[in-house]
2 protein chains.
Amino acid sequence: MDQADDRSWTITDLAEEYAVTLRTIRHYEDVGLLSPERRGTARVFHNRDRVRLALILRGKRLGFSLEEIATIVNMYDEQPGESGQLEYLLDQIAVRRRELEQRRRDIEDTLRELDAVERRCRDDLSALVGPAAGDGSRLR
Amino acid sequence: MDQADDRSWTITDLAEEYAVTLRTIRHYEDVGLLSPERRGTARVFHNRDRVRLALILRGKRLGFSLEEIATIVNMYDEQPGESGQLEYLLDQIAVRRRELEQRRRDIEDTLRELDAVERRCRDDLSALVGPAAGDGSRLR
DNA sequence: CCGGTGCTTTACGCTTACGTAAACGTAAGG
DNA sequence: CCTTACGTTTACGTAAGCGTAAAGCACCGG
C-alpha cells in the first residue's frame with residue numbers, strides 16, 4: 001500500500017486539506033457518514049475516514065444529497081453478506097449507474113451549448129469592431 | 001423550426017410533461033427563472049418557457065443551485081450588449097466549463113468505482129455457490 | 001498556577017427549495 | 001344556478017446542510 005497507510009489526521013488537518021469547515025466534518029459524523037476514532041474526546045481520523053470524506057465531497061459536487069451519498073459510500077465497504085443483500089446491492093449499483101450516465105449526458109449537452117454560446121459571443125464581440133451578419137441563434 | 005413553434009401550454013401541461021409540481025413551476029417564476037405570459041391571471045407558457053424549464057431541470061440534475069442556474073440560463077439569451085459585458089460572459093462560460101469538466105471527471109471516476117464494486121459483488125455472489133478466493137479489494 | 005491553543009459539545013439560526021393549507025376566481029357542463 | 005375542474009394568491013411549514021455563538025475540557029510553555 002502507501003508509505004503511511006496508518007497515518008492519522010486531526011479534524012483540522014482534514015478540514016484544511018479538503019477546504020471544508022470543522023463544522024462540516026462534524027456534521028458528516030452526526031449523520032453517520034464519518035466515524036473517526038476517539039482518543040478521549042478528540043477525533044482521530046485514519047485513512048479510511050479520509051477516503052470517505054473525499055467520496056462524500058465528490059458526491060456533493062455531483063449534486064447528491066447526503067442521504068444518497070450515504071447509500072453510495074456504504075456500498076464501498078459492505079461485507080459480502082447473504083445473496084439477497086448482494087442482489088439488492090447490484091440493483092442499487094445499476095440505479096446509480098443510470099443516474100450518473102444521465103448526468104454525463106446532461107454535461108455533454110451543456111458543454112456543447114456553452115460552445116455555441118461562446119461562438120455567438122465571440123461573433124458579437126468581433127461585430128463590435130468590424131460589423132458583419134449574425135447567425136440569429138438566440139433562444140427565441 | 002418546428003411545426004408548432006407558437007404552441008402554448010398551461011402550467012399543468014408543463015408540470016405533467018416534466019414531472020414536476022405546479023408549486024415548483026410557480027416557484028421558478030417567483031425567483032425569476034420563468035416569466036410566462038399572463039392572460040388575465042392565468043399563466044400561458046410558450047416554447048421559450050418550455051425550453052427554459054428543460055434547462056432548469058437539467059441544471060438541477062447537475063447539482064446547480066437555482067441561482068447558478070439563473071446565471072447560466074440567462075447566458076443563453078443575453079443581448080449582444082457592450083464589449084465589457086461580453087468579456088464577462090466569456091469569463092462566466094469558462095468558469096462553468098471548468099466546473100462541468102470537473103463534474104464529468106467525478107462521474108467517470110465514480111462509474112469506474114461502481115464497476116469495481118459490482119465485480120467484487122459478483123465475485124462474492126458466486127463464492128456463495130462455488131467458493132474460491134476474493135481479491136481483498138475492500139475500502140479498508 | 002496561569003494563560004493560550006486546540007479541541008470539544010450543545011443548541012439555536014439561517015438559507016434553499018420547495019410543500020401545503022386556506023380561500024378565492026373563472027369557465028364549462030348538466 | 002350549482003358543481004366540477006382548473007387555475008390563482010398569500011402565507012406559514014419543513015427538511016437539508018451547514019453557520020455561529022457560548023461554554024467548557026485538556027494539555028503545553030512560562
Side-chain angles (χ1 to χ4, degrees), chain A residues 7-46 49-50 52-74 96 99 102-103 106, chain B residues 7-46 49-50 52-74 96 99 102-103 106:
Chain A
R7 259 202 64 184
S8 69
W9 291 263
T10 72
I11 189 171
T12 310
D13 291 340
L14 285 192
E16 282 177 359
E17 177 172 0
Y18 289 100
V20 294
T21 67
L22 305 189
R23 181 65 179 90
T24 297
I25 294 183
R26 294 192 188 113
H27 180 64
Y28 293 160
E29 182 177 358
D30 284 347
V31 298
L33 277 169
L34 296 175
S35 37
E37 184 196 336
R38 291 302 184 115
R39 212 158 278 173
T41 80
R43 295 169 174 83
V44 180
F45 296 83
H46 297 285
D49 310 295
R50 216 169 135 261
R52 287 181 71 103
L53 180 53
L55 290 177
I56 294 166
L57 297 178
R58 195 177 63 190
K60 289 223 63 186
R61 284 198 299 274
L62 293 178
F64 289 108
S65 73
L66 292 188
E67 198 171 313
E68 291 173 302
I69 291 173
T71 80
I72 297 175
V73 167
N74 288 329
R96 297 302 156 187
E99 287 180 9
Q102 171 65 52
R103 276 171 163 77
D106 288 336
Chain B
R7 259 201 65 183
S8 70
W9 290 264
T10 71
I11 190 171
T12 311
D13 291 340
L14 285 192
E16 283 177 359
E17 178 173 359
Y18 290 100
V20 295
T21 66
L22 305 189
R23 180 65 179 90
T24 298
I25 294 183
R26 292 192 189 113
H27 181 64
Y28 293 160
E29 181 177 357
D30 284 348
V31 299
L33 277 170
L34 295 176
S35 35
E37 183 196 335
R38 291 302 185 116
R39 214 159 277 174
T41 79
R43 295 169 174 82
V44 179
F45 296 83
H46 297 285
D49 309 295
R50 216 169 136 261
R52 287 181 71 105
L53 180 53
L55 291 176
I56 294 167
L57 296 177
R58 195 177 64 191
K60 290 222 61 186
R61 285 197 300 273
L62 293 178
F64 289 107
S65 72
L66 291 189
E67 199 170 312
E68 292 173 302
I69 291 174
T71 79
I72 298 174
V73 167
N74 287 328
R96 297 303 155 186
E99 287 180 9
Q102 171 65 52
R103 277 172 162 79
D106 288 335

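In what follows, every chain begins at residue 1, and chains take the letters A, B, ... in the order their sequences are listed. Since this is a predicted model, take the numbers as computed values, not measurements.
- B:Asp13 places its CG atom 14 Å from the C1' atom of D:dA5, with the value rounded to the nearest Å.
- Residues meeting the salt bridge (Lys or Arg N to Asp or Glu O under 4.0 Å) test with A:Arg96, sequence neighbours left out: A:Glu68, A:Glu99.
- Closest to the side chain of A:Lys60, out of C:dC18, D:dC18, D:dA16, is D:dC18.
- The separation between B:His27 atom NE2 and D:dT8 atom P is 16 Å, rounded to whole Å.
- Rounding to whole angstrom units, CG of residue B:Asp30 and P of C:dT16 are separated by 14 Å.
- Taking both residues in full, the closest heavy atoms of B:Thr24 and B:Thr21 are given as OG1-OG1, 2.8 Å, listed atom of the first, atom of the second, then distance.
- Among the atoms of the strands shown, only primed sugar atoms or phosphate atoms (P, OP1, OP2) are found under 4.0 Å from some heavy atom of B:Ile11.
- The distance between atom CZ of A:Phe45 and atom C1' of C:dC7, rounded to the nearest whole Å, is 11 Å.
- One N or O on the side chain of A:Asp49 and one on the backbone of A:His46 form a donor-acceptor pair closer than 3.5 Å.
- Atom OH of A:Tyr28 is separated from atom C1' of D:dC18 by 8 Å (rounded to the nearest Å).
- Rounded to an integer number of Å, the gap from B:Glu37 CD to D:dT8 P is 13 Å.
- Put simply, CD1 on A:Ile25 is 13 Å from C1' on D:dC18, counting in whole angstrom units.
- Taking only distance into account, the side chain of B:Arg26 never meets the base of D:dT9 through a donor-acceptor pair shorter than 3.5 Å.
- Comparing C:dC18, C:dT8, C:dG6 by their closest approach to the side chain of A:Arg43 singles out C:dT8.
- Between A:Arg52 and A:Gly32, the shortest heavy-atom contact is NH2-O, 4.5 Å.
- The side chain of B:Thr24 contributes an N or O atom lying less than 4.0 Å from OP1 or OP2 of C:dG19.
- When distances run from any side-chain atom of A:Ala42 to the nucleotides C:dT8, D:dC18, D:dT8, the shortest one goes to C:dT8.
- Which of C:dG19, D:dT8, D:dG19 sits closest to the side chain of B:Arg23 comes down to C:dG19.
- Nearest nucleotide to the side chain of A:Thr41, out of C:dC18, C:dT8, C:dC7: C:dT8.
- Across all non-hydrogen atoms, the minimal contact from B:Leu22 to B:Ala15 is CD2-CB, 3.6 Å.
- Going from atom CZ of A:Arg39 over to atom C1' of D:dC27 covers 15 Å, rounded to whole Å.
- Of the candidate nucleotides C:dC18, C:dT8, D:dG17, D:dG17 has the atom nearest to the side chain of A:Leu66.
- Comparing atom distances between the B:Arg38 side chain and each of C:dT8, D:dT9, C:dG19 picks out D:dT9 as nearest.
- Comparing atom distances between the A:Thr21 side chain and each of C:dT8, D:dG19, C:dT16 picks out D:dG19 as nearest.
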